[in-house]
Participant: 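The structure is given below, and queries will be raised subsequently.
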Amino acid sequence: MQKPTLPKGTRDFGPEQMRKRLFIFNTIRQTFQRFGFQPLETPSMENLSTLTGKYGDEGDQLLFKILNSGDFAASLTDTDLQAGSKKLTPKIAEKGLRYDLTVPFARYVVMNRNALTMPFKRYQMQPVWRADRPQKGRYREFYQCDADVVGTDSLVCEAEIVLMIHEVFRNLGIQDFTLKLNNRKILAGIAEVIGVPGQEGLLSVAIDKLDKIGKEKVLDELRERGFSETAVAGLDPIFTFNELETNQVLEQLQTWLSASETAQQGIAELRETLQLVSQYGLTDSRVEIDPTLARGLSYYTGAIFEVKANGVSIGSVSGGGRYDNLTGAFGMPGLSGVGISFGVDRIYDVMEELSLFPASAGQGTQVLIVPFDREARTVGLPLLSKLREANIASEMYPDLTKVKKMLDYANAKAITYVVLIGSEEVQTGILSLKNMITGEQKKATTEEVLRLMQ
RNA sequence: GUGAUUGUAGCUCAGUUGGUUAGAGCGCCGGAUUGUGGUUCCGGAGGUCGCGGGUUCGAGCCCCGUCUUUCACCCCA
């Protein structure tokens, strides 16, 4: 007999973990619904043609592919085999597991374009899969919670995302976070201004590492990637934005990038977004403008968001941005969208590390009924029904066994209250209510028990 | 995909230059205690030392492969 194991990078979630995870899911769902987003689910698997080419070369590498059903290799010929593994893949795998929730959403929008009322706002909370190598805060199967709006390019949507992020993290109890904001147009403008128009992709990848590897190494990497000395030197101003107020950052950017119309547009968008946010009345904003923020996903065209929890070494817990033409890949050009994604698994890790889960998030059964004998059930069962009618999570120990064993059960399940029922309680109708934490025990009527449990 | 790293009881870990029958703490089960848990005392169960091969008279320990864990790079939630 072999020991069972899990595939690399996947996990089981036991009852205690699940209660905490549900706390996160419920908190996020609540905010999404309050902002008018509607639920959507899409299949775990998509046609590979839907997924490939949307996440860049790196992303394509990380797609989990699904072998065709049946004898997937039956129709292969010798020429197929000799053509090499790269060309073989599409012949034996037509489907893949979804890599994120945004691309399947774009696919859904295109397929249902006639039925949807624009602007269309949806939220989606489902697992995604990436064939990455697992490490801290990185899994091969993890959950994302996305909210996206398509069919409008209004910056009100960006502002609402900023608000939702604040609401979600504050409701979760994560107070110390930073919401980094940038705009792809500013990155494009920087590339223009330093004389490498269109190269913002390469540029971004290097600049994004600034706070991790430092200025010199970023410049080295750019040189390695073929950027000229003039271009590298032209980048100097970007290293001066640290610690500046958002408005100062925007002003300096405006001066530095005055030659780029694209950049000016990006700066204007950020300005307007921030103005809208302040009109909403957001207090104690955690927004920082960070011109070095890149976000790899290749489909972003406007605003880019990233959220980091401070004080823990776990990567970003949330990310998103505006994409102007994601539906174009599916034959529906000119539809702008913007969205945000919360990484549940990383949020869990952050909250666990900082001990931020409220006690109620781990709470299961509130009351355990402990019957000493068969007769006790005649009192216990009606009580159970009343407790449940009052929406109190309750259960009765099903076996007639030693009291010790039943109380051990209550302790193991962290059940705070126990109702003890023996011959005395059956005769008098007065119950014995015990608090398992304090050890205190007192007599109480059914009504009193119900009231105390509320 | 590149480079490291880990694996011994349910959990956390010992295990000497390779040497008899692989240990501890916690947890679990039973009893002291047939109407009261957490404390205490007594007893008990539980291991193919990740898996496969090799070296050796002899391997938990050395070598090779493989899976797994963790970490860095790449990239990312």
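By convention in this document, chain letters (A, B, ...) are assigned in the order of the sequence lines, proteins followed by strands, and residues within each chain are numbered from 1.
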Participant: Could you walk me through whether A:Leu407 and A:Met436 pass side-chain contact (heavy atoms from CB on, under 4.5 Å), step by step?
Facilitator: CA-CA 8 Å; A:Leu407 295 182; A:Met436 295 297 283; 4.0 Å; yes
Participant: Which whole number of Å gives the distance between the C1' atom of B:A59 and that of B:C51?
Facilitator: 16 Å
Participant: Would you jot down, in residue-number order, the residues of residues 311-328 of chain A having a non-hydrogen atom under 4.0 Å from RNA chain B?
Facilitator: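 Within this stretch, A:Ser316, A:Val317, A:Ser318 sit under 4.0 Å of the strand.
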Participant: What distance, rounded to whole Å, do you find between the two P atoms, one in B:G30 and one in B:G38?
Facilitator: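 These two P atoms come out 13 Å apart once rounded.
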Participant: Rounded to the nearest Å, what distance is computed from the CD atom of residue A:Gln61 to the P atom of nucleotide B:U2?
Facilitator: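 The distance from CD of A:Gln61 to P of B:U2 comes to 11 Å, rounded to the nearest Å.
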Participant: Would you mind checking if A:Lys217 and A:Glu221 are paired as a salt bridge, meaning a charged N to carboxylate O distance below 4.0 Å?
Facilitator: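 No.
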Participant: Determine the contact category for A:Gly137: base if any of its heavy atoms lies under 4.0 Å from a base atom, sugar-phosphate if only primed atoms, P, OP1 or OP2 are that close, otherwise nothing.
Facilitator: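 Answer is base: heavy atoms of A:Gly137 come under 4.0 Å of a base.
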Participant: Base, sugar-phosphate or nothing for A:Lys209? Non-hydrogen atoms, less than 4.0 Å.
Facilitator: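 The answer is sugar-phosphate, as A:Lys209 gets under 4.0 Å only of primed atoms, P, OP1 or OP2.
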Participant: Between A:Tyr123 and A:Phe32 (judged by ring centroids, cut-off 6.0 Å), do the two rings come close enough to count as a pair?
Facilitator: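 Yes, they do, as the ring centres are separated by less than 6.0 Å.
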Participant: If I pick the C1' atom on B:G1 and the same atom on B:C62, what distance separates them, to the nearest angstrom?
Facilitator: 31 Å
Participant: Give a yes/no verdict on a cation-pi contact between A:Arg122 and A:Phe105, requiring under 6.0 Å between NZ or CZ and the six-membered ring centre and an angle within 45° of the axis.
Facilitator: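 Here A:Arg122 passes the 6.0 Å and 45° test against A:Phe105.
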Participant: Rounded to the Å, how far apart are A:Trp129 CH2 and B:A77 C1'?
Facilitator: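 To the nearest whole Å, that distance equals 14 Å.
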Participant: In whole angstrom, what separates A:Gln135's CD from B:C73's C1'?
Facilitator: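 Taking atom C1' of B:C73 as the reference, CD of A:Gln135 is at 8 Å.
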Participant: Check step by step if side-chain contact (heavy atoms from CB on, under 4.5 Å) holds for A:Tyr139 and A:Asp345.
Facilitator: CA-CA 8 Å; A:Tyr139 309 98; A:Asp345 305 77; 3.8 Å; yes
Participant: Of the options B:A77, B:U36, B:U69, whose atoms approach the side-chain atoms of A:Lys8 most closely?
Facilitator: B:U69
Participant: Measuring only the P atom in each nucleotide, how far is B:C61 from B:U48? A whole number of Å is fine.
Facilitator: 16 Å
Participant: Checking contacts here: which listed nucleotide (B:A77, B:C73, B:G35) is nearest the side-chain heavy atoms of A:Arg130?
Facilitator: B:A77
Participant: Counting any heavy atom closer than 4.0 Å, what does A:Val418 reach on the DNA or RNA strands: base, sugar-phosphate only, or nothing?
Facilitator: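 The answer is nothing, as A:Val418 stays clear of every strand by at least 4.0 Å.
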Participant: Is it true that A:Asp349 and A:Lys136 have a side-chain N and a carboxylate O under 4.0 angstrom from each other?
Facilitator: no
Participant: With stacking defined as ring centroids separated by under 5.5 Å and planes differing by under 30°, is A:Phe342 stacked against B:A77?
Facilitator: no
Participant: Looking at A:Asp408 and B:G37, is any side-chain donor or acceptor paired with a base atom of the opposite kind under 3.5 Å?
Facilitator: no
Participant: Taking A:Asp132 first and then A:Arg138, would you say they form a salt bridge - that is, a charged N and a carboxylate O separated by under 4.0 Å?
Facilitator: yes
Participant: P atom, B:C28 versus B:G10: distance in rounded Å?
Facilitator: 15 Å
Participant: Please state how far atom CD in A:Glu306 lies from atom C1' in B:C75, giving the value in whole angstrom units.
Facilitator: 12 Å
Participant: Could you tell me how far B:C75 sits from B:A14 if I compare only their P atoms? Round to whole Å.
Facilitator: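 These two P atoms come out 37 Å apart once rounded.
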Participant: Please confirm whether the shortest side-chain N or O distance from A:Lys212 to OP1 or OP2 of B:C73 is below 4.0 Å.
Facilitator: yes
Participant: Distance between the P atoms of B:C57 and B:G15, in whole angstroms?
Facilitator: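 Going atom to atom, P in each nucleotide, I get 28 Å.
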Participant: B:C76 base to A:Arg346 side chain: any donor-acceptor pair below 3.5 Å?
Facilitator: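 Per atom types, the contact qualifies.
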Participant: Taking only side-chain nitrogens and oxygens of A:Lys402, does any of them come within less than 4.0 Å of OP1 or OP2 of B:G31?
Facilitator: yes
Participant: Measure from NZ or CZ of A:Arg21 to the centre of the six-membered ring of A:Phe13, then state whether that distance is under 6.0 Å and the direction lies within 45° of the axis.
Facilitator: yes
Participant: Could you pick out which residue, A:Gly422 or A:Lys405, lies toward the 5' side of RNA chain B when each is mapped onto its nearest nucleotide?
Facilitator: A:Lys405
Participant: Does either side chain, that of A:Asp100 or that of A:Ser341, offer a donor lying less than 3.5 Å from an acceptor on the other one?
Facilitator: no
Participant: Taking atom C1' in both B:A24 and B:U56, what distance in whole Å separates the two?
Facilitator: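 Those two atoms are separated by 31 Å.
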Participant: With a 3.5 Å limit on both atom pairs, tell me what B:C74 is paired to, counting Watson-Crick and G-U wobble, or say none.
Facilitator: none
Participant: If you look at every strand shown and take non-hydrogen atoms under 4.0 Å, does A:Gly439 touch a base, only sugar-phosphate, or nothing?
Facilitator: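 Base: the residue A:Gly439, judged by heavy atoms under 4.0 Å, touches a nucleobase.
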Participant: Please tell me which of the listed nucleotides, B:G37, B:G35, B:A77, lies nearest to the side chain of A:Gln144?
Facilitator: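 Of the candidates, B:A77 comes closest.
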Participant: Regarding A:Arg322 and the six-membered ring of A:Tyr300, is the cationic atom NZ or CZ under 6.0 Å from the ring centre and inside 45° of its axis?
Facilitator: no
Participant: Which one is paired to B:G25, where only Watson-Crick or G-U wobble pairs with both distances under 3.5 angstrom count?
Facilitator: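 With both distances under 3.5 Å, B:G25 matches B:C11.
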Participant: Let me know the distance between CD of A:Glu141 and P of B:A77, rounded to the nearest Å.
Facilitator: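 Spelled out: CD on A:Glu141 to P on B:A77 is 17 Å.
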Participant: Tell me what A:Tyr139 touches on the nucleic acid: a base, only sugar-phosphate, or nothing, going by heavy atoms under 4.0 Å.
Facilitator: base
Participant: NA contact type, A:Lys434, heavy-atom cut-off 4.0 Å: base, sugar-phosphate, or nothing?
Facilitator: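 Base contact.
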Participant: Both A:Gly59 and A:Thr10 contact RNA chain B. Taking the nearest nucleotide for each, which residue is further toward the 5' end?
Facilitator: A:Thr10
Participant: Nearest-Å distance, CG (A:Leu63) to P (B:G1)?
Facilitator: 14 Å
Participant: So, under a plain 3.5 Å distance rule, would you say the side chain of A:Arg138 forms a donor-acceptor pair with the base of B:C75?
Facilitator: yes
Participant: Expressed in angstrom and rounded to an integer, what is the separation of A:Arg133 atom CZ from B:G3 atom P?
Facilitator: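 Spelled out: CZ on A:Arg133 to P on B:G3 is 9 Å.
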Participant: Does any N or O donor sit under 3.5 Å from an N or O acceptor when you compare the side chain of A:Glu425 with the base of B:G35?
Facilitator: yes
Participant: For B:G18, which nucleotide is its Watson-Crick or G-U wobble mate, given both distances must be under 3.5 Å?
Facilitator: none
Participant: By nearest atom, which of the nucleotides B:U36, B:C75, B:G35 is closest to the A:Asp132 side chain?
Facilitator: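 Of all the options, the side chain of A:Asp132 is nearest to B:C75.
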Participant: Under 4.0 angstrom, heavy atoms only, what part of the nucleic acid is A:Ile213 near: base, sugar-phosphate, or nothing?
Facilitator: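 Touches nothing.
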Participant: Tell me: CG of A:Asp373 to C1' of B:G35, nearest whole Å?
Facilitator: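 Taking CG of A:Asp373 and C1' of B:G35, I get 10 Å after rounding.
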Participant: Assess whether side-chain contact (heavy atoms from CB on, under 4.5 Å) is satisfied between A:Ile165 and A:Phe342, documenting all intermediate values.
Facilitator: CA-CA 9 Å; A:Ile165 289 171; A:Phe342 292 90; 4.0 Å; yes
